[in-house]
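Bear in mind that the values here come from a model prediction, so they are computed numbers and not experimental data.
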Amino acid sequence: MSSRRRAQGRQLAAASIILFVFVVLDANARPANMSAHKDKNPSSKEANEILPPDHLNGVKMEMDGHLNKDFHQEVFLGKEMEEFEEDSEPRKNRKKLVEIFTKVDFNKDRSVSAKEMQRWIMEKTEEHFQEAVRENKLSFRAVDPDGDGHVTWDEYRVKFLASKGFNEKDVAEKIKNNEELKVDEETQEVLESLKDRWFQADNPPADQLLNEEEFLSFLHPEHSRGMLKYMVKEIIRDLDQDGDKELTLSEFISLPMGTVENQQAQDIDDDWVRERKKEFEEVIDANHNGIVTMEELEEYMDPMNEYNALNEAKQMIAVADENQNHSLELEEILKYSEYFTGSKLMDYARNVHEEF
């Protein structure tokens, strides 16, 4: 199935999700990406283990082209992000945030510079990388039951379809005998996309087998420069409306097809457009010529790009830098805690100096 049809199918599905979210759930919602839809009702734990995730920690954009709304928190908190989500006690959260501040403040001058924030962002991104490596070991074992250290496409296909509810023995037998697999259109579409991605992850000399390192690239393309290029190519292909392999602002901010039925929904749409417009113009379009090339998007998507980390550090500081000294003091980070941690701390200044 063509990438355009994939994009249209994704848009139609997203539109129905958006309308449901607008009416039933949260006024602060955004157009939902497909990973959120799939993760809501996973068919099994194994499905989550072996299917490449749409969301990649520490990467600024989702695989389906949505912006990563948790990016700032991921690169500020690293593996401690879950602690802030689970613990809503303001005083404990404040104490943890003070502890993080002291770590970011490398030279111990009680303020965080852009260089110190850049260093911290790179360190937290590396944490996400290492976590992906650990998870990949478990995922690889799930698809390599004979433990020979290599997985064929057919072996993966059997495990994937089994995780989607198909009978594993029946699927394996049909594949062995080259019989037709009767799967629904959506599953077939996913399989075709995965197969293309599978062979992209097969490093030269191509042997149609993936070892553990290649399987990591398959699940987490941010770990491989070649797969990062492939991920960018897929994103541009799905957003590119005129086929020129570049993105204009109008292409980047285009919303999924659907009908906005009330003012609340319109406001959410407007906020979403403003966020994408700002990101396109101020960050992704490096030379500010109104066009985003594959090269520009690749640099934007690369989580280990030190120049991007420095720019991100400057942006994060600008959000909370009330005294305009181009650095952050503890009081400023505590006051803007929701931006950095997702947790809003009440009475943020109480006992700051005692705790520090």
Just do the side chain to side chain contact (heavy atoms under 4.5 Å, CB included) check on Asp240 and Glu246 with the steps written out, would you? CA-CA 7 Å; Asp240 178 21; Glu246 297 177 333; over 6 Å; no
Gap between atom [atom2] of [Y] and atom [atom1] of [X] - 0.5 Å precision:
X: Asn136; Y: Glu214; atom1: CG; atom2: CD; answer: 11.5 Å
X: Ser343; Y: Glu338; atom1: OG; atom2: CD; answer: 8.0 Å
X: Ser139; Y: Leu219; atom1: OG; atom2: CG; answer: 5.5 Å
X: Asp64; Y: Asp54; atom1: CG; atom2: CG; answer: 4.0 Å
X: Asp285; Y: Glu296; atom1: CG; atom2: CD; answer: 5.0 Å
X: Phe129; Y: Thr125; atom1: CZ; atom2: OG1; answer: 7.5 Å

Are the side chains of [Y] and [X] in contact, using a 4.5 Å heavy-atom criterion?
X: Leu161; Y: Thr187; answer: yes
X: Lys278; Y: Val283; answer: no
X: Asp302; Y: Glu222; answer: no
X: Asp271; Y: Arg274; answer: yes
X: Leu181; Y: Arg157; answer: yes
X: Asp321; Y: Ser327; answer: no
X: Asn93; Y: Thr341; answer: no
X: Tyr339; Y: Ile333; answer: no

Answer yes or no: is there a donor N or O on one side and an acceptor on the other, between the side chain of [X] and the main chain of [Y], under 3.5 Å?
X: His128; Y: Glu74; answer: yes
X: Gln208; Y: Phe199; answer: no
X: Glu251; Y: Gln241; answer: yes
X: Ser163; Y: Phe160; answer: yes
X: Asn177; Y: Glu179; answer: no
X: Asp105; Y: Val112; answer: no
X: Glu282; Y: Glu279; answer: no
X: Glu192; Y: Glu189; answer: no
X: Asp70; Y: Gln73; answer: no
X: Asp202; Y: Leu210; answer: no

Carboxylate-amine/guanidinium contact [X] [Y], below 4.0 Å:
X: Glu299; Y: Arg225; value: yes
X: Glu116; Y: Arg119; value: no
X: Glu281; Y: Lys277; value: yes

Apply side chain to side chain contact (heavy atoms under 4.5 Å, CB included) to the pair Lys159 and Glu168, showing each step before the final yes or no. CA-CA 7 Å; Lys159 291 295 183 181; Glu168 184 171 343; 2.9 Å; yes
Evaluate Lys96 against Glu99 for salt bridge (charged side-chain N to carboxylate O under 4.0 Å, His left out), listing each step before the verdict. CA-CA 5 Å; Lys96 284 186 289 188; Glu99 291 172 354; over 6 Å; no
Angle class for the [X]/[Y] ring planes (parallel below 30°, perpendicular above 60°, tilted otherwise)?
X: His223; Y: His220; result: perpendicular
X: Phe76; Y: Phe340; result: tilted
X: Tyr156; Y: Phe218; result: perpendicular
X: Phe280; Y: Phe252; result: tilted

Let me see the working for Glu213 and Asn203 under side-chain hydrogen bond (donor to acceptor under 3.5 Å, both in side chains), right down to the final yes or no. CA-CA 10 Å; Glu213 182 178 349; Asn203 291 327; 5.3 Å; no
Candidate pair Thr152 and Asp154, rule side-chain hydrogen bond (donor to acceptor under 3.5 Å, both in side chains), full reasoning: CA-CA 5 Å; Thr152 68; Asp154 283 343; 5.5 Å; no
Worked check of salt bridge (charged side-chain N to carboxylate O under 4.0 Å, His left out) between Arg110 and Glu329: CA-CA 6 Å; Arg110 298 200 173 196; Glu329 283 69 53; over 6 Å; no
Do [X] and [Y] belong together in a cluster built from hydrophobic side chains that touch within less than 4.5 Å?
X: Leu194; Y: Leu209; result: no
X: Val104; Y: Val319; result: yes
X: Met117; Y: Leu77; result: yes

Walk me through it: do Glu127 and Lys124 pass the test salt bridge (charged side-chain N to carboxylate O under 4.0 Å, His left out)? CA-CA 5 Å; Glu127 277 187 12; Lys124 296 296 106 177; 2.6 Å; yes
Candidates Glu298, Met63, Gln200 - the one meeting side chain to side chain contact (heavy atoms under 4.5 Å, CB included) with Met231: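 Exactly one pass, corresponding to Met63.
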Less than 3.5 Å apart, which donor and acceptor atoms pair up between the side chains of residues 309-318 and the rest of the protein, not counting sequence neighbours?
unit_1: Glu312; atom_1: OE1; unit_2: Lys60; atom_2: NZ; d: 2.7
unit_1: Glu312; atom_1: OE2; unit_2: His72; atom_2: NE2; d: 2.7

Please say whether the positively charged group of Arg197, taken as NZ for Lys or CZ for Arg, lies over the ring of Tyr230, i.e. under 6.0 angstrom from the six-membered ring centre and within 45 degrees of the axis.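 Negative - Arg197 is either too far from the ring of Tyr230 or too far off its axis.
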